[in-house]
Amino acid sequence: MGTWIAPSAVERELCEAKAAGDWAAYLDTLARAQIFVAQPRVQADADPDALRFYPTPQRALVVHTAGMLPAPTPETVFESQSLAWFAKVWTPADPAFLAVNPGSPAEAFLTTTPADLARWRAHARAAPGYGLPAGAVHALFTGGPLHGDIAHGLAVGAHLAVTNGEFWNALAYHGSGYHHERRRLRSSWDITDRPGWLATLEDLLGARMVSPVWEYALRVRRVLASDFAGPVDTEHWRHAAEAGLRRNAERSAEPQLTPDGVTVAQPRPAAEVEGEITGVKRLIGRIARYEQRFRADGVLPEDGWVRSVEAWDHGRASQMARWGLGTRFGTLHEAEKAVLRAGEAARQTYRSWADFSAGYVLGRCLHFDEEEFGEWYRSALRAHLTLTTDPASPWLNIPWK
């Protein structure tokens with residue numbers, strides 16, 4: 001193996017199994033891994049449901065595991081399948097060999113006889129799962145930054161990387177394959193083209209997707225905490241928020257001097273203002289109850305509170321930059337710039353990784369959870385605890401500032 005450093009745990013296991021001549025262990029590892037096949041993008045766009053085999057002159061189909069993928073290019077995309085899928089669809093007319101990671105110490109040229117396909121199926125049935133396990137920290141040991149500003153920006157998206165079972169530091173991102181990433185953006189974000197991706201990315205980077213009402217409530221408390229240098233009672237917080245909303249409503253009805261002269265605004269309907277006040281007071285109660293649970297579960301220290309929920313956008317912006325690259329809506333250069341911006345925006349708002357994470361978890365809960373403390377909360381809690389305790393976590397290895 002020499003001085004070769006395997007890009008990830010999968011390639012390391014393949015390399016070790018090959019060196020030991022343990023081909024059963026090699027197939028066990030391959031059965032758990034995502035296996036990627038290159039496709040011309042023109043062909044992939046024209047026929048999204050077809051995965052074509054393009055053999056080498058030596059009658060081998062070249063495939064890669066996730067850590068061995070090259071940087072994304074506009075012309076070529078990669079689709080992901082399992083060893084079980086290959087065993088199911090392979091026909092006698094298909095290539096004679098499956099070339100796994102050729103040119104690397106982890107390479108293998110697997111024959112594809114009916115007996116071989118039966119062995120692939122047996123290993124696939126015995127595999128505990130497929131792809132990187134969700135809920136754990138996964139990193140590229142080579143091919144992805146581990147330190148510095150880009151790594152920091154990527155680590156801002158680590159909540160989603162841990163939750164989804166992805167490499168936290170994969171800037172040259174392929175995800176789970178071209179069409180999988182396109183389906184993700186279409187179903188979860190209604191993004192189907194480059195303009196849609198760019199607009200969403202900019203909104204996330206500017207923290208314009210989190211509710212301004214959430215931020216207003218939290219900003220009122222930040223001001224109170226700064227003024228009184230201590231804990232802020234919930235009722236005091238509610239009264240201050242109400243007073244601020246009433247002042248804003250009164251100011252909106254005052255005459256305004258503009259280049260066109262004096263503009264007299266109409267006062268807002270009283271019912272509208274009262275409804276807004278009631279909603280903010282209710283929101284403050286929700287936030288206080290979430291924070292109480294956060295303290296019990298270790299998301300916040302005993303006297304801690306959430307500064308802002310902009311982390312919910314910052315974390316998603318870091319991932320959105322990479323999703324755009326995986327779908328070819330964006331370029332590697334654009335993804336890098338956006339990741340750096342996400343990291344810097346988070347630094348401007350928060351004081352530590354734990355501070356950032358609490359804001360992210362609260363934003364996710366206010367958006368999805370409805371105080372059910374269900375899977376939306378539990379998955380975010382698991383990611384938080386993993387990222388704040390696992391020795392391999394970027395949060396324990398990359399300084400916040």
Side-chain angles (χ1 to χ4, degrees), residues 137 145 147-163 168-169 201-227 229-232 237 283-284 287-288 290-295 297-321 337-367 377 380-390 393-401:
V137 175
H147 304 284
D149 287 340
I150 294 176
H152 180 279
L154 292 167
V156 163
H159 252 286
L160 278 167
V162 167
T163 299
W168 71 263
N169 63 335
L201 180 60
E202 284 300 319
D203 282 345
L204 290 170
L205 288 168
R208 291 191 291 271
M209 296 193 78
V210 294
S211 168
V213 179
W214 304 346
E215 278 301 295
Y216 168 76
L218 293 169
R219 185 169 60 252
V220 168
R221 183 172 57 178
R222 285 201 304 275
V223 172
L224 292 174
S226 176
D227 288 346
V232 177
W237 181 11
L283 170 65
I284 288 171
I287 293 172
Y290 270 119
E291 289 177 332
Q292 184 177 17
R293 179 66 176 266
F294 289 3
R295 295 183 195 104
D297 289 343
V299 177
L300 285 172
E302 187 175 341
D303 59 349
W305 46 276
V306 176
R307 299 177 54 78
S308 164
V309 288
E310 288 185 356
W312 173 233
D313 275 3
H314 299 153
R316 293 186 296 170
S318 176
Q319 284 292 99
M320 182 60 70
K337 288 199 302 182
V339 163
L340 286 169
R341 288 175 60 192
E344 183 56 29
R347 279 190 178 119
Q348 293 296 320
T349 303
Y350 298 95
R351 299 172 177 175
S352 67
W353 286 113
D355 191 25
F356 166 84
S357 184
Y360 179 94
V361 176
L362 180 59
R364 180 181 173 96
C365 288
L366 291 176
H367 189 83
Y377 172 67
L381 173 63
R382 287 193 296 269
H384 170 89
L385 296 176
T386 296
L387 286 162
T388 53
T389 60
D390 189 329
S393 167
W395 293 4
L396 299 183
N397 293 283
I398 300 173
W400 178 252
K401 290 287 189 180

Provide the closest heavy-atom pair for A342 versus A317 in the form atom of the first, atom of the second, distance. CB-CB, 4.3 Å

Measuring only between side-chain heavy atoms, which start at C-beta, is V137 closer than 4.5 Å to P394? yes

Restricting to side chain to side chain contact (heavy atoms under 4.5 Å, CB included), what partner residues turn up for R341, sequence neighbours left out? E202, L205

Looking only at heavy atoms, the pair that brings A217 and L283 closest together is CB-CD2, 4.0 Å

Would a line drawn from the ring center of H159 to the ring center of W312 be shorter than 6.0 Å? no

Test of understanding: with side chain to side chain contact (heavy atoms under 4.5 Å, CB included), list the residues that count as partners of A288, not counting sequence neighbours. T234

Other residues, nucleotides and ligands only: do more than 12 of their heavy atoms fall within 6.0 Å of CZ on R351? no

Heavy-atom closest contact (A338 atom, L201 atom, distance): CB-CD2, 3.8 Å

In Å, rounded to the nearest 0.5 Å, how long is the span from CD1 of I287 to CG of L362? 5.5 Å

Minimum-distance pair of heavy atoms, taken over all atoms of V232 and A225: CG2-N, 3.7 Å

I'd like to know if the side chain of E215 and the backbone of V309 have a donor-acceptor N/O pair within less than 3.5 Å. yes

Reported SG-to-CD distance for the pair C365 and E291, which is rounded to 0.5 angstrom: 11.5 Å

Got a second to check how far S357's OG is from L300's CG, nearest 0.5 Å? 9.0 Å

Would you say L381 and V299 make side-chain contact, with heavy atoms under 4.5 Å? yes

I need the full list of salt bridge (charged side-chain N to carboxylate O under 4.0 Å, His left out) pairs touching residues 309-321, with sequence neighbours left out, sorted by first then second residue. D313-R316

Taking C-beta and beyond as the side chain, do W353 and V156 meet within less than 4.5 Å on heavy atoms? yes

Ring pair (Phe, Tyr, Trp, His ring centres under 6.0 Å) with Y377: which residues, sequence neighbours excluded? F294, F373

For A151, what residues pass the side chain to side chain contact (heavy atoms under 4.5 Å, CB included) criterion, not counting sequence neighbours? P145, W168, I398

Out of curiosity, Y290 OH to R364 CZ, how far, rounded to the nearest 0.5 Å? 11.0 Å

Taking only residues two or more places apart in sequence or in another chain, which ones pass side chain to side chain contact (heavy atoms under 4.5 Å, CB included) with T388? H384, W395

Any idea which heavy atoms bring A358 and V306 closest together, and the distance? O-CG2, 4.0 Å

What orientation do Y350 and W400 show, parallel under 30°, tilted 30 to 60°, or perpendicular over 60°? perpendicular

Minimum heavy-atom separation for A321 to V339, with atom names? CB-CG2, 4.0 Å

Atom pair CZ/CH2 of R295 and W305 - distance to nearest 0.5 Å: 11.0 Å

Quick one: pull up NE2 in H314 and CD in Q348 and give me the separation to the nearest 0.5 Å. 9.5 Å

Audit row: R347, D149, side chain to side chain contact (heavy atoms under 4.5 Å, CB included) steps and yes/no: CA-CA 11 Å; R347 279 190 178 119; D149 287 340; 3.5 Å; yes

